[in-house]
Structures are given as C-alpha cells and as structure tokens.
Number of protein chains: 2
Amino acid sequence: MARIPQSDLKPVRARRRAGRATMSDVARLAGVSAITVSRLLRDPTSVSGELAGRVRDAIEQLGYVPNLMAGGLAAAKSRIVGVVVPSIRNAFFAASVDALAARFGERGYAVLDSSADYDLQREDTLIEAMLAWNPAALVLTGFAHGPRAAAIVARAGVPVVEMWDIAGRPFDMAVGFDHNAAGRSVARHLLARGRRRVAVIGAMLGRDTRASARCAGVREELERAGRAAVDSIDLPRASNVGDGAVAIAEALAAPGGIDAVAFSNDVLALGAIFECQKRGVRIPDDVAIAGFGDLDFAAHCRPSLTTLRPPREQIGNETARLLLARIDGLSAERRVVDLGCELIAREST
Amino acid sequence: MARIPQSDLKPVRARRRAGRATMSDVARLAGVSAITVSRLLRDPTSVSGELAGRVRDAIEQLGYVPNLMAGGLAAAKSRIVGVVVPSIRNAFFAASVDALAARFGERGYAVLDSSADYDLQREDTLIEAMLAWNPAALVLTGFAHGPRAAAIVARAGVPVVEMWDIAGRPFDMAVGFDHNAAGRSVARHLLARGRRRVAVIGAMLGRDTRASARCAGVREELERAGRAAVDSIDLPRASNVGDGAVAIAEALAAPGGIDAVAFSNDVLALGAIFECQKRGVRIPDDVAIAGFGDLDFAAHCRPSLTTLRPPREQIGNETARLLLARIDGLSAERRVVDLGCELIAREST
DNA sequence: TCTCTAAATGTTAGCGTTGTCATATAAAAA
DNA sequence: TTTTTATATGACAACGCTAACATTTAGAGA
C-alpha cells in the first residue's frame with residue numbers, strides 16, 4: 001500500500017509551470033470548480049451572487065491573471081486583433097491604430113500591430129505571422145497586397161477590414177475614403193481660386209498607392225478643365241520637410257512658371273512654405289499651396305495651409321465597430337464605409 | 001465487434017477545431033512524428049537534412065501555420081513582447097517602438113503595444129493585460145508607474161526595460177538618457193549665447209515626468225548661474241503648435257521682457273516661431289528659441305531650430321538587444337544604458 | 001568484432017483554459 | 001403534490017503544441 005497520499009505524489013514527469021496561480025488554484029480556494037471561475041470571468045451574470053463573491057475574493061487574494069494562451073487554445077480563437085500598417089511612425093496610421101486599439105481595448109481585445117514598410121512581400125509575411133496567433137480579426141491598410149495575401153486571408157477565415165481606402169475590391173470590408181476624389185476636390189479648389197498652372201508633387205508614389213491616387217485625382221480634374229498639370233514630381237523617399245523644399249524649388253523653375261502646387265502631404269507643403277519664405281516667394285500671391293493631412297501645424301503656420309482633413313480617428317473607430325459587430329455575430333454584412341475627406345481652405349490658397 | 005475502424009470513430013465529444021492544418025497533419029504527411037516538425041521549426045540544425053526536406057514540403061503543401069497559442073501554452077512562455085508607452089501617436093515613442101518591433105520581429109517575436117495615455121492607473125491595467133499573454137519580456141516607459149506596477153512586474157518574473165529615462169530606480173533594466181542633464185545643456189547653451197532672461201515652457205509637466213525633468217534641468221542650471229528663469233509656463237494639454245504660439249505670446253509679455261525661451265518640445269517651439277513671424281519678433285535677435293526632439297521640421301524651418309536630439313531609434317534597438325540577450329540567457333546583468341542626448345545648435349539661438 | 005558515445009528521432013503526458021454534456025437545485029405550472 | 005422548466009454548477013475531454021524522458025541509429029574507439 002502506498003503510504004504517500006495520491007495528491008502528494010510527484011508527477012511522473014517533472015513539468016515546468018509558469019508559477020502563476022491558475023484557474024484551478026482560484027477554484028480550490030473559493031471552493032468551486034474551475035469552470036465556475038471561467039464563467040464568472042466571461043459572463044458574470046451566469047454565476048450566482050454568493051459564489052461570485054467568493055471567487056472574486058480568491059482571485060484578488062491570489063493575484064490571479066488568466067492565461068489567455070490557454071483560453072485562446074481551448075476556444076480556438078483569441079482576443080487578439082492583428083493590424084498591419086505601412087508604418088506606425090506615420091501620424092495618420094498611428095492615429096487610426098490608436099483609436100482602434102482603444103475601442104478594442106475596452107472590449108478586452110489586444111492589438112498586435114506591425115509595420116510593413118510599404119513592402120508587399122513583407123506584408124505577406126506579417127499577415128502570416130499574425131495568423132499564428134489565431135486573431136479574432138485582421139486589419140490591413142489599403143488594397144495593394146502581396147501575392148499570397150488573398151490566399152492567406154481566405155484560409156484564416158476571420159473578418160478583415162482594409163482601412164484608409166475604399167476604391168478597390170476588398171477582401172471583406174473597407175473603411176476609408178476615396179483618395180482620387182480627394183485629389184479632384186483639391187484641383188477644383190485651385191481652379192476656383194483662379195489658378196491655371198498647377199504642379200503636383202508627391203513622395204514614393206510607386207509604393208504609396210493612396211498618395212498616388214490623390215495626385216492622379218488632381219491631374220485628372222485639371223485635365224478635365226483643360227489645364228493639365230504643368231509639372232509632376234515624384235520624390236523617391238518618404239515625405240519629409242527637406243524634400244518639400246527641394247521639390248518646390250524645382251517646380252518654380254518650370255518653364256512658364258507655376259501659380260499653384262498640390263502636395264500629397266502636409267509635411268512636403270510645410271517644407272515648401274519654408275522654402276518660399278526663404279526665397280521671398282509670396283504665398284498665395286505668387287504661388288498657392290495645398291497639402292494633405294491637416295496635421296497639427298497646418299492651421300498655425302504662416303500662411304496657414306489649405307489641406308485635406310482625413311478622418312483619422314474615425315477610420316479606427318469605425319473599423320473597430322464593424323469588426324466587433326461581426327465578431328459578436330450582430331452583422332454579417334460586408335460593408336464598405338466611405339468616411340469622406342474634407343477640404344479645409346486656409347490662407348495658403 | 002466494432003465494424004468501424006477505430007480511427008473513423010467520432011470522438012466522444014464533438015469539438016471545435018480551427019480547421020487549419022496542425023503539426024500532426026504535417027508530421028503524418030511527412031511520415032515523421034510531430035516533435036520532429038516542432039524541432040525543425042524551432043532549431044533546424046537538430047533535424048537531419050533528409051527529414052527536414054520532407055517536413056518542409058509537407059508544411060508547404062498544407063499551408064501549415066503554427067498555432068503559437070498552443071506553443072505558448074506548452075512552453076509556458078510566448079514569443080510576445082509587451083510594450084506600454086504613454087502614446088503611440090507621439091513621434092518619439094513611435095520611432096522607438098518601430099525600431100524595437102523590427103529587431104524583435106527579426107527574431108520571431110511579436111510586439112503587443114498599448115498606450116497608457118499618461119494615466120498611471122491605466123498603465124497598471126495595461127501591464128496586467130499584457131501579462132495574461134505570458135510575454136517573454138516587458139517594455140515600459142520611464143519610471144513613473146501605477147501603485148500596483150511593481151508588484152505586478154515582480155510577479156511576472158520576466159525581463160523588463162524601462163525606456164526613455166535613466167534617472168531613477170529601474171525594476172530591472174533601463175535604456176535612455178538623463179532628461180535633467182539634457183535640460184541643463186540647453187541652459188548652458190543659452191547662457192553661452194549671452195542670454196540672461198530665459199523663460200521655460202512645457203506641456204503637461206504634471207504627467208510627463210521626462211519633460212518636467214528637462215524643464216527642471218534648465219531652471220537649475222540657470223539658477224546656478226545666478227540667472228533664474230524669468231517665467232515658467234506649464235500648458236495643460238499635450239504639446240501642439242497652437243499652444244506654443246499662445247505660450248510665447250504670454251512669455252513675451254513678462255515684465256522686464258525675455259531674451260530666450262526653452263521649450264520642452266519642438267512642436268511648441270514651432271508654434272512660437274510662427275507666432276514670432278506674425279508679430280515681427282526676430283529670432284534669435286529679439287528672442288532665442290530652443291526645443292526638444294529634433295523633429296523633421298527643426299532643420300528646415302526659418303530660422304532653423306536649436307534643439308536636443310534624443311536617440312529615438314537607438315532606444316528601441318538597444319532595448320531589444322538587452323532583452324534578447326537576457327531571453328537567450330546570454331546575460332544576467334541588470335544594466336542601465338545611457339545613450340545621451342545631443343544638443344543641435346542652429347539658427348534659432 | 002564489440003562496446004561506448006553522440007546524434008537523431010520517437011513516446012508520453014501535460015500546459016491552463018473552454019466546449020459539451022450531465023446533474024442538482026429552485027421556481028413555475030399542472 | 002407531482003411534473004415541467006429554467007437556472008446554477010460540475011465533470012471531463014480536448015485544443016495543438018513542447019518538455020522530459022526513452023529509444024534507435026551511426027560513428028568512434030578499443
């Protein structure tokens with residue numbers, strides 16, 4: 001006969017344990033079964049008040065933190081949302097991701113985000129890496145994806161929102177606005193202000209399809225009015241103030257001159273403003289300047305900057321709303337939400 | 001006698017499956033055991049070339065993506081790194097997190113980041129939420145934490161780096177620079193330029209302890225030189241261009257006037273530059289202006305901005321390096337890494 | 001040739017939770 | 001009172017992987 005009680009026997013195989021309190025520990029202390037603890041945590045109404053109190057005390061006393069890995073494995077789904085943006089350092093995406101993370105955070109979801117660096121190949125890899133976490137939803141940026149993205153996403157079978165663009169064929173849902181239309185509104189504004197010789201300046205247009213669509217929109221509307229763009233410059237690096245200065249210098253030297261510039265980004269426009277100041281070129285008298293983004297400085301620089309205001313936070317909020325509705329089974333719609341993009345006319349035009 | 005072969009029997013209890021291929025599926029197809037697949041994925045050198053090839057083919061054929069939840073549960077640790085910053089929309093933290101995520105990404109770690117919004121209570125909650133994922137490491141910002149942070153972090157037993165500051169008592173490791181010293185260097189610079197009536201302007205100094213330390217550093221060094229700060233302004237909102245303009249207007253009205261302003265942030269300084277332009281106040285002739293951050297525009301605005309250049313990316317890189325070394329068991333040191341903060345003197349002073 | 005050692009591979013059990021089914025208890029209906 | 005129904009709780013297996021231990025195989029040395 002064994003003299004050692006069963007419960008004191010060492011397990012056959014030594015095993016690592018995180019050392020943290022587990023749900024069973026809580027259950028034992030509260031004198032209930034583990035499943036009751038699990039239920040209390042997921043749906044407090046399903047447990048009677050008396051037990052709930054005891055379990056909560058036990059949780060408090062042990063400092064119990066649920067192991068979401070175990071939960072995710074058991075439920076075959078996790079409370080993780082995967083987000084892939086071109087770059088989290090970009091103020092636009094950072095704003096959307098921040099709003100999105102806040103909305104998901106309120107509901108107990110964690111956001112795994114990663115920057116694809118405008119590299120479609122890399123985006124494929126990142127999406128695949130996210131799927132390894134069995135995410136409850138996926139958020140991508142735009143419609144330009146790597147060659148394997150469609151297959152990977154389809155296999156994942158999770159709700160997907162492609163944000164920041166709506167002019168394309170989404171995998172599932174899309175939240176954003178029409179960049180081509182935004183570009184056209186800038187062109188119409190410049191034409192209405194009497195500008196006839198407009199230059200279009202963008203950065204990384206080969207990779208940034210949205211900036212590219214905005215610039216194309218400007219050019220199309222100009223052409224429709226019989227005033228084709230005088231000059232088109234595509235800067236090879238991500239938008240930065242210095243390049244904006246260099247680019248406007250080049251545009252000002254265009255044969256026949258220019259009387260307006262549409263930039264794909266406020267940052268470039270700011271560089272242009274500084275360069276004009278330096279050269280004594282008057283804005284908007286000599287040249288009108290329009291940007292994109294309505295960044296913090298746009299309203300305060302001299303002259304203040306005419307620009308497009310993208311719905312940065314709304315994109316995040318609406319993306320979260322759509323995905324949560326789908327996750328909760330409240331909606332099966334495959335929606336495309338156009339949040340629009342307002343033109344803010346200021347002194348620079 | 002059962003006429004249905006064992007393998008075709010329905011399991012006793014119906015159970016959900018993600019539907020995705022599992023490691024066993026791969027193993028079966030490759031004619032090996034599951035552990036061989038696991039080993040190949042984690043340490044390719046431990047599997048012979050012949051088997052490795054077969055397994056890789058099987059993975060390819062099935063489109064197998066490992067379930068990291070299951071792996072994390074089995075190994076009692078995950079390839080997740082938790083990061084808590086005050087705000088991911090802040091360009092400084094975004095740069096560090098981006099670099100950090102890149103370094104960890106190369107090694108197969110995913111980064112869960114969340115914004116605490118300068119709310120210590122909220123930070124506690126976020127840290128606790130991260131721990132539910134059994135992270136391999138934790139990255140926090142600064143030394144000001146919520147009341148429960150110390151206990152939570154201690155219980156987690158994972159390597160921790162507190163980034164962006166070194167002047168404090170870290171839980172484990174710290175990577176950053178001395179903000180007080182940075183502030184003092186600005187004061188010395190202004191004094192060396194002959195400035196005697198310096199105002200100090202910051203934003204949210206009550207919550208942003210690093211900005212607060214920089215401002216304090218400026219004041220301390222001024223006092224040491226017998227030239228106490230003429231004015232100190234603490235703006236109630238996060239740094240933005242508009243508030244910078246308002247604040248310098250107030251400072252310029254100080255009795256006796258001022259001849260320099262040290263801002264806690266380039267964004268505020270930019271607002272001040274615009275406001276001075278508007279008022280015809282000459283920089284640096286009438287008033288010198290210094291910022292912090294060396295943001296993109298600092299080198300290009302008119303006049304270009306004297307500022308401090310924090311090691312944004314290096315903080316991320318070094319944080320990742322330290323944590324990975326600890327995770328890999330290469331180092332048990334509890335290091336505090338001072339990356340310094342360079343003063344960039346430009347036209348505005 | 002045989003033993004010894006190292007490298008390669010396999011077997012088993014368990015990580016901590018949740019889905020499914022089972023059961024006890026209380027409230028409502030007959 | 002008995003039957004029915006709803007509510008609260010529990011037992012158990014399964015999720016897909018990896019740690020620990022076990023075994024086989026190949027190569028070195030005696």
Side-chain angles (χ1 to χ4, degrees), chain A residues 9-28 30-55 59 62 64-80 108 131-134 136, chain B residues 9-28 30-55 59 62 64-79 131-134 136:
Chain A
L9 281 169
K10 279 282 174 55
V12 184
R13 272 154 205 241
R15 201 58 200 266
R16 71 267 120 160
R17 291 179 41 129
R20 286 169 19 192
T22 70
M23 198 172 260
S24 315
D25 296 333
V26 172
R28 196 173 313 118
V32 299
S33 74
I35 195 70
T36 302
V37 180
S38 174
R39 286 197 184 107
L40 176 72
L41 261 27
R42 287 177 298 154
D43 175 19
T45 66
S46 66
V47 175
S48 70
E50 203 246 332
L51 285 197
R54 267 161 47 202
V55 172
I59 287 174
L62 294 174
Y64 169 69
V65 177
N67 182 330
L68 294 180
M69 297 263 166
L73 176 60
K77 64 179 183 249
S78 77
R79 288 192 161 238
I80 278 187
L131 290 186
W133 291 106
N134 258 34
Chain B
L9 281 170
K10 279 281 173 59
V12 184
R13 270 152 207 244
R15 200 63 197 267
R16 71 266 120 158
R17 290 178 41 125
R20 283 169 22 193
T22 70
M23 196 173 264
S24 315
D25 296 333
V26 173
R28 196 173 314 118
V32 299
S33 74
I35 195 71
T36 302
V37 180
S38 173
R39 285 196 183 108
L40 177 72
L41 261 27
R42 286 176 298 152
D43 174 19
T45 66
S46 65
V47 175
S48 70
E50 203 247 329
L51 285 197
R54 270 167 37 206
V55 172
I59 288 174
L62 294 173
Y64 170 67
V65 177
N67 182 331
L68 295 179
M69 298 263 164
L73 177 59
K77 65 179 186 252
S78 76
R79 287 192 161 239
L131 291 186
W133 291 107
N134 258 36

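Letters A, B, ... mirror the listed sequences (proteins, then strands); counts begin at 1. Please read these numbers as outputs of a predicted model, since none were measured by experiment.
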Let me know the distance between [atom1] of [X] and [atom2] of [N], rounded to the nearest Å.
X: A:Asp43; N: D:dT7; atom1: CG; atom2: C1'; result: 13 Å
X: B:Leu40; N: C:dT9; atom1: CG; atom2: C1'; result: 13 Å
X: B:Met69; N: D:dC17; atom1: CE; atom2: C1'; result: 13 Å
X: B:Arg28; N: C:dG10; atom1: CZ; atom2: C1'; result: 16 Å
X: A:Met23; N: C:dC15; atom1: CE; atom2: P; result: 15 Å
X: B:Asn134; N: D:dT18; atom1: CG; atom2: P; result: 15 Å
X: B:Glu50; N: C:dA7; atom1: CD; atom2: C1'; result: 16 Å
X: A:Asn67; N: D:dC15; atom1: CG; atom2: P; result: 18 Å

Out of D:dC17, C:dG10, C:dT17, which nucleotide sits closest to the side chain of B:Ile35?
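Out of D:dC17, C:dG10, C:dT17, the nucleotide with an atom closest to B:Ile35's side chain is C:dG10.
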
Of the nucleotides C:dT9, C:dT17, D:dT18, which has the atom closest to the B:Arg42 side chain?
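Out of C:dT9, C:dT17, D:dT18, the nucleotide with an atom closest to B:Arg42's side chain is D:dT18.
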
Find out whether A:Thr36 and A:Val47 are in side-chain contact, i.e. whether some heavy atom of one side chain is under 4.5 Å from a heavy atom of the other.
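A:Thr36 vs A:Val47: side chains touch.
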
So, is [X] close to the [N] phosphate, meaning a side-chain N or O under 4.0 Å from OP1 or OP2?
X: A:Ser48; N: D:dT7; answer: no
X: B:Thr36; N: C:dG10; answer: yes
X: A:Thr22; N: C:dC15; answer: no
X: A:Ser38; N: C:dT17; answer: no

Has the side chain of A:Arg39 got a donor or acceptor that lies under 3.5 Å from a partner of the other kind on the base of D:dG10?
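Flag set: donor-acceptor pair detected.
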
Using a heavy-atom cut-off of under 4.0 Å over every strand shown, decide if B:Ser33 touches base, sugar-phosphate, or nothing.
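If one applies the 4.0 Å heavy-atom cut-off, B:Ser33 turns out to touch a base.
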
Select base, sugar-phosphate, or nothing to describe what A:Leu51 touches, counting heavy atoms under 4.0 Å on all strands.
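Sugar-phosphate contact only - A:Leu51 comes under 4.0 Å of backbone atoms but never of a base.
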
Value rounded to 0.5 Å, distance of [atom1] in [X] from [atom2] in [Y]:
X: B:Met23; Y: B:Leu40; atom1: CE; atom2: CG; result: 9.0 Å
X: B:Arg79; Y: B:Asn134; atom1: CZ; atom2: CG; result: 14.5 Å
X: A:Leu68; Y: A:Trp133; atom1: CG; atom2: CH2; result: 11.0 Å

A:Arg42 and A:Ser38 side chains, donor-acceptor separation under 3.5 Å:
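Side chains of A:Ser38 and A:Arg42: pair found under 3.5 Å.
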
Closest-nucleotide ordering on DNA chain C, the 5'-leading residue of B:Leu73 and B:Gly49:
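First, find each residue's nearest nucleotide; the 5'-ward one identifies B:Gly49.
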
On DNA chain C, nearest-nucleotide positions of A:Lys77 versus B:Val32: which is more 5'?
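Here B:Val32 is the residue nearer the 5' end.
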
